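For reference, the structure is listed below as structure tokens.
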Amino acid sequence: MIYGLILNILLWFGFYLIISLSLNMEYGYGGIPNFGKALSVLVGAIVAGGVVTRILIYIYHIKIGIGGFSTATSAVSNEVTTLIAHNPLLGLALFLLTLILAIIIGCIAGAIFILPSARLKEDYLAITLLAIAETFTMICYYNQSIIGGYYGVSVPDFLAFIHTNRGVVFTGIVLLIALITFIFFERLMNTPYGRLLRAMRENEDVIRVYGRDLMKVRVMTMAVGSGIAAIVGVLLSYYTLRVQANSFMITGRTLWTFYPFLIILLGGASNNKGTAVGTIIFVTVMEVIDFYKTNIVSFLHLPVEAVWLEYILFGIMMLLILYYKPEGILPEKPIITPAIKKAYETKKVSKKGVREEY
Amino acid sequence: MKDPILETRNLIKFFGDVLVLDGVNIKVGRKTITLIIGPNGSGKSTLINVITGFYPATSGQVIFEGQDITKKRPYQIYDLGIVRTFQTPQPLKKLTVLENLLIARKHVGENVISALNYKKWSEFEDELVERAFKILEFLRIDHLWDEESYKLSGGQLKLLEVGRALMTEPKLIIMDEPIAGVAPALAHEILKRIVELKNKGITFLIVEHRLDIALRYVDYIYAMASGKVIAEGSEEEVINNPQVVEVYIGGG
């Protein structure tokens with residue numbers, strides 16, 4: 001029982017670490033309020049459920065019959081899963097292909113996603129990104145030709161060759177990808193690029209005076225952030241082996257936009273380690289509530305289901321953080337490039353917090 | 001004036017129906033300090049914003065080194081060697097003083113792809129850090145290098161603005177009220193530094209209110225009122241001009 005809880009915490013830690021790190025780059029460092037974060041996850045899911053499945057249908061000559069695309073994916077998924085059961089390499093190739101495709105398409109989608117709004121100031125930008133993401137999700141829900149709409153599509157199990165402990169192996173893969181993502185962002189942010197992002201967040205006018213094309217920086221940043229976030233969409237699809245547009249409607253907005261923002265604010269914006277700390281705390285609380293929900297209901301004599309408790313608690317948590325500790329658990333630190341590291345080692349470091357008058 | 005580095009030709013700017021710049025013609029001589037004075041609302045800051053591309057001009061031209069830059073965007077104007085400071089200092093608050101200076105220069109490591117290749121930009125970063133420390137020493141705020149810039153006092157922030165402008169090795173620095181709200185002793189310090197930099201070959205265009213301090217350091221003065229240049233020339237010519245006396249003292 002408790003073993004399952006721990007495994008679940010680790011798995012969702014992996015999912016949330018990847019998406020929160022990418023949002024941390026966009027929002028924590030760059031100040032781009034990406035309220036349409038869930039869209040990038042949807043793009044990843046579309047690649048797994050709508051693009052790769054089509055490629056497979058083409059390769060294995062599956063006929064799209066009266067049941068439409070949705071039914072055809074079930075057929076092709078069954079066939080490919082059977083093949084993978086005897087051929088692990090095929091499974092891994094399928095997984096890697098999907099990942100790479102998702103990153104590429106995610107980058108392109110992210111860049112296009114911000115184009116209409118790249119010239120707007122922060123508040124309008126947030127609303128526009130939310131609106132574009134919602135519109136696109138609606139289109140995917142009502143148009144069955146993309147990922148089967150309400151009915152959804154099936155994806156093959158790339159781990160079909162593993163017969164026992166599939167969950168453990170899958171969690172291991174997710175954690176490995178999360179670790180690589182963490183290293184990637186730590187390296188990418190401790191560069192002049194990370195510094196430029198922080199400067200852009202602090203004051204856009206200054207950046208324009210000093211010769212930077214804001215639009216270019218925003219487009220570049222959203223491309224990377226969305227490309228990485230699309231990985232989560234792929235992982236989720238292979239976790240549930242289903243892709244359904246309605247899982248990106250109301251719950252998707254909460255899971256993949258609101259929660260990552262909460263994690264960043266909790267852990268400390270513009271700090272990757274803070275994001276990791278925020279993720280582990282958040283995911284543990286979320287999973288423990290989910291695990292003990294029946295006990296909580298009977299113990300507290302709640303008139304509602306305990307899952308709703310989660311939303312209430314997280315809402316309160318966000319308000320408390322914003323009010324009492326807006327800088328989060330681990331506050332922001334300067335960008336450390338090799339040259340700046342040397343300066344900290346050789347120059348006299350002033351006493352922190354001492355304000356010296358000229 | 002021979003060989004002006006910057007020139008505006010009949011610059012007109014409307015905000016809706018309000019005429020803010022009414023045919024402004026100014027010339028800024030190379031390697032000089034040019035001062036623009038004028039009461040509140042005379043259009044000084046708007047003039048700067050139009051020159052640096054923050055506001056589009058309604059009509060007229062801005063010429064920099066013989067090139068028409070009227071339609072250029074702020075980041076393109078930077079590439080020509082013009083940099084400006086703001087009326088209220090605009091520090092990047094959460095960034096340290098050193099980082100505030102480093103951001104002034106375009107950097108090879110600012111692209112996602114090149115950023116990951118540390119070798120490509122490390123050398124340039126070393127040079128920048130060295131240069132930044134030299135500038136901080138010149139401005140005598142090097143002891144504050146690792147402080148977050150929101151902790152600085154008003155005067156120190158003004159110096160930080162100047163330092164950031166110097167990082168770019170500019171040809172022309174346009175300053176909007178560099179000594180407003182600064183104690184007299186520090187104001188003189190800042191202007192002395194500006195004169196030193198002028199002697200090193202940088203041109204300055206300065207908007208300032210505090211004539212008592214600013215006048216003695218500058219080479220040429222324009223007085224503006226209601227969007228027009230009403231007087232120009234040396235210190236004596238301008239402050240003895242009856243029209244200038246009129247707008248400053250208020251028609252007594």
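To find a chain, count down the sequence lines: A is the first, B the second, and so on, and within it residues start at 1. Everything numeric here is computed off the predicted structure, so don't read it as measured data. What's counted below: heavy atoms across the whole structure, side chains too, no hydrogens, waters or symmetry copies.
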* Under-4.0 Å salt bridge between A:Arg195 and B:Glu125 -> yes
* To do: Check for a donor-acceptor pair, side chain of B:Glu110 on one end and backbone N or O of A:Pro192 on the other, with a separation under 3.5 Å.
  => no
* Charged N to carboxylate O below 4.0 Å: is that the case for A:Glu332 and B:Lys94? -> yes
* To do: Provide the closest heavy-atom pair for A:Gly211 versus B:Tyr75 in the form atom of the first, atom of the second, distance.
  => C-CB, 3.3 Å
* **chain A contact residues among residues 42-57 of chain B, heavy-atom distance under 4.5 Å** => B:Phe54
* Structure fact -> Applying a strict 4.5 Å limit to non-hydrogen atoms, the region of A:Ile207 in contact with chain B is side chain
Under 3.5 Å, which donor-acceptor pairs do the side chains of residues 221-229 of chain A form with other protein atoms, sequence neighbours left out?
| residue | atom | partner | partner atom | Å |
| --- | --- | --- | --- | --- |
| A:Thr221 | OG1 | A:Tyr193 | OH | 2.9 |
| A:Thr221 | OG1 | A:Val217 | O | 2.7 |
| A:Ser226 | OG | A:Met222 | O | 2.7 |

* **Side-chain donor/acceptor of A:Tyr210 to backbone N/O of B:Ala165, under 3.5 Å** => yes
* chain A contact via B:Val129 - side chain, backbone, both or neither, heavy atoms under 4.5 Å -> side chain
* Structure fact -> Okay, B:Arg105 and chain A: the region with an atom under 4.5 Å from a heavy atom over there is backbone
* Residue pair B:Gly109 / A:Thr191: nearest heavy atoms and the distance that separates them -> O-OG1, 4.3 Å
* Donor-acceptor pair, B:Tyr118 side chain versus A:Pro338 backbone, under 3.5 Å? -> no
* Contact class of B:Asn100 relative to chain A, heavy atoms under 4.5 angstrom -> neither
* Structure fact -> Honestly, the part of B:Ala183 sitting under 4.5 Å from a heavy atom of chain A is neither
* Structure fact -> For B:Trp121 and A:Asn190 the tightest heavy-atom approach is CH2-O, 4.1 Å
* **Atom group of B:Glu161 that falls short of 4.5 Å from chain A, counting heavy atoms** => backbone
